[in-house]
Asks: 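Here it is, the structure, as C-alpha cells.
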Protein chains: 2
Amino acid sequence: MHHYSRDNMAELLRAHDINPTHQRIEIAYALFSHQEHLSADQVMTIVNDRHAETSKATVYNTLNLFLEKGLIREVIVDPSKVFYDPNTGPHHHLYEVDSGRLTDIAADDVRIEGLPELPKGMETVGIDLIVRVKRTA
Amino acid sequence: MHHYSRDNMAELLRAHDINPTHQRIEIAYALFSHQEHLSADQVMTIVNDRHAETSKATVYNTLNLFLEKGLIREVIVDPSKVFYDPNTGPHHHLYEVDSGRLTDIAADDVRIEGLPELPKGMETVGIDLIVRVKRTA
DNA sequence: CCGGGAGTTAGACAGAGTCCAAGTCCTAGA
DNA sequence: TCTAGGACTTGGACTCTGTCTAACTCCCGG
C-alpha cells in the first residue's frame with residue numbers, strides 16, 4: 001500500500017481492534033502519511049493544522065492505544081522525547097545527533113550474531129539497534 | 001582495577017582533564033563503585049546519603065561534564081529517564097521492561113554485520129544495541 | 001427520543017532536566 | 001598572610017514531556 005487515505009485509516013484501525021473515531025483517524029493519518037518519525041508534539045501540531053481541534057490528552061491517549069494494539073512502535077533515542085514509528089516490521093534506526101533526524105535502516109541485510117542466552121524465565125520483547133551519527137567536522 | 005577509592009577517582013578525573021572537586025569525586029565514586037546503571041536521581045540519593053550535600057544542579061552539571069569528557073556513557077532505554085554507565089568500552093544492554101533493570105551484554109561475541117554505508121559527510125558516534133526482555137507470562 | 005457507555009477535553013499536576021544570579025571555595029600572586 | 005579572580009556550587013524558578021481527573025460530548029441501541 002503506497003497511498004494513505006482517511007478511509008484506509010479507518011479500516012486499518014478496525015483491523016487492529018480500534019474503534020475509528022475522528023481524532024484517531026486524523027492521528028493515524030498523520031503518522032502514516034508522513035515519512036519521518038514523529039513525536040507526540042509534532043503529531044499534535046500536524047493534526048491541529050487542519051480543521052479539527054484535538055487535545056493533548058487525546059493525542060497521548062491515542063498514541064498509547066496504538067502502541068498497545070501494535071499499530072505503531074515507539075523509538076527511544078532522544079532523552080527528551082519519544083518518537084513514534086508507523087513501521088512495525090523489523091528494521092533499525094539511524095539517528096542524526098545534531099539535527100535529531102531519525103531514519104530507518106532496512107533490516108534485510110543486517111545480521112546480529114552471538115547474543116548470549118537470555119536468563120531463565122525471560123523472553124525477548126524486541127531488539128533495538130540504533131546507529132548514532134553526526135556530521136563530520 | 002577492581003577496587004575503587006576516592007583517591008582513585010581523583011586520578012581518574014585528572015586523567016580525563018577534569019578538575020577533581022569534592023562533589024565530582026563523590027559522584028564519580030557513586031557511579032564506579034556500583035554495578036548498576038544509575039539515573040541522575042539515584043546518583044543524587046547515593047551521594048547525599050553520606051555526609052556531603054550536593055545539589056541537583058551540580059549532579060546534572062557533573063554528569064554532563066563526565067559525558068563530554070568521555071568518562072561515562074549515557075544509556076537511553078526508558079522514555080522517562082536517562083541512565084549513566086561508567087563502562088565506556090564497547091558493550092550492549094539488556095533491558096528488563098517490567099522492572100526497569102538494565103544490565104550489560106559483553107560485546108566480545110556479538111557481531112553486527114551488513115550495516116549500510118553511512119550517508120556522505122556523516123560519521124558514526126556510536127552503535128547502541130538494546131535487547132528488551134520481559135518475564136515470561 | 002432517551003439513556004448510557006465510549007471517547008474527548010481543559011487544565012491541573014508530576015517528574016526530569018535546565019537556567020540563572022548569587023554565593024562559596026581555591027589558588028596564585030604580592 | 002592577605003587578596004582578587006576564576007572555577008565551581010547552589011537554591012529555586014522555570015520548561016517541557018507526559019499523566020490524571022472530572023466534566024462534557026458524542027453516538028448508538030432500544
Asks: Rounding to an integer number of Å, can you tell me how far A:Asp41 CG sits from D:dT19 P?
Replies: 14 Å

Asks: Is the base of D:dG18 touched by the side chain of A:Lys56 through a donor-acceptor pair closer than 3.5 angstrom?
Replies: yes

Asks: If the cut-off is 4.0 Å, is B:Thr58 near the phosphate of D:dT10, judged by side-chain N/O to OP1 or OP2?
Replies: yes

Asks: Please report, rounded to the nearest Å, how far the P atom of C:dA6 is from the CG atom of A:Leu13.
Replies: 18 Å

Asks: For B:Ala30 and B:Ile46, work out which heavy atoms get closest and say how close.
Replies: CB-CG2, 3.8 Å

Asks: Can you check the A:Glu26 CD to C:dT9 P distance for me, whole Å?
Replies: 12 Å

Asks: Which residue pairs satisfy the salt bridge (Lys or Arg N to Asp or Glu O under 4.0 Å) criterion with at least one member in residues 8-34 of chain B, sequence neighbours excluded?
Replies: B:Arg6-B:Glu26, B:Asp17-B:Lys69

Asks: When all nucleic acid strands are considered with a 4.0 Å heavy-atom cut-off, which category describes B:Thr21: base, sugar-phosphate, or nothing?
Replies: sugar-phosphate

Asks: In residues 59-84 of chain B, which residues come under 4.0 Å of DNA chain D by heavy atom?
Replies: B:Asn61

Asks: Please collect all side-chain hydrogen bond (donor to acceptor under 3.5 Å, both in side chains) contacts where either partner lies in residues 54-68 of chain A, sequence neighbours excluded, each pair once.
Replies: A:Ser55-A:Thr58

Asks: Going by the rule side-chain hydrogen bond (donor to acceptor under 3.5 Å, both in side chains), which residues pair with A:Arg101 if we only count those two or more places apart in sequence or in a different chain?
Replies: none

Asks: How long is the line joining CD1 of A:Ile18 and C1' of C:dA6, in whole Å?
Replies: 14 Å

Asks: In whole angstroms, how far is the P atom of C:dA6 from the CG atom of A:Asp17?
Replies: 13 Å

Asks: To the nearest Å, how far apart are A:Met44 CE and D:dG18 C1'?
Replies: 11 Å

Asks: Nearest-Å distance, CD1 (A:Ile25) to C1' (C:dT8)?
Replies: 15 Å

Asks: Tell me: CZ of B:Arg24 to C1' of D:dT10, nearest whole Å?
Replies: 14 Å

Asks: Identify which nucleotide among D:dG18, C:dG17, D:dC20 has an atom closest to any side-chain atom of A:Ala40, counting heavy atoms from C-beta outward.
Replies: D:dG18

Asks: OP1 or OP2 of D:dC26 less than 4.0 angstrom from a side-chain nitrogen or oxygen of A:Gln23, does that happen here?
Replies: no

Asks: Scan residues 106-133 of chain B for pairs that pass side-chain hydrogen bond (donor to acceptor under 3.5 Å, both in side chains), counting only residues two or more places apart or in two chains.
Replies: A:Arg111-B:Glu113, A:Glu113-B:Arg111, A:Asp128-B:Arg132, A:Arg132-B:Asp128

Asks: Base, sugar-phosphate alone, or nothing: which one does B:Ser39 contact when heavy atoms must sit under 4.0 Å apart?
Replies: nothing

Asks: Does any N or O in the side chain of A:Thr136 come within less than 3.5 Å of the main-chain N or O of B:Gly121, such that one atom is a donor and the other an acceptor?
Replies: yes

Asks: With sequence neighbours excluded, give me every side-chain hydrogen bond (donor to acceptor under 3.5 Å, both in side chains) pair touching residues 71-86 of chain B.
Replies: B:His37-B:Asp85, B:Asp78-B:Ser80, B:Asp78-B:Tyr95, B:Asp85-B:His91, B:Asp85-B:His93

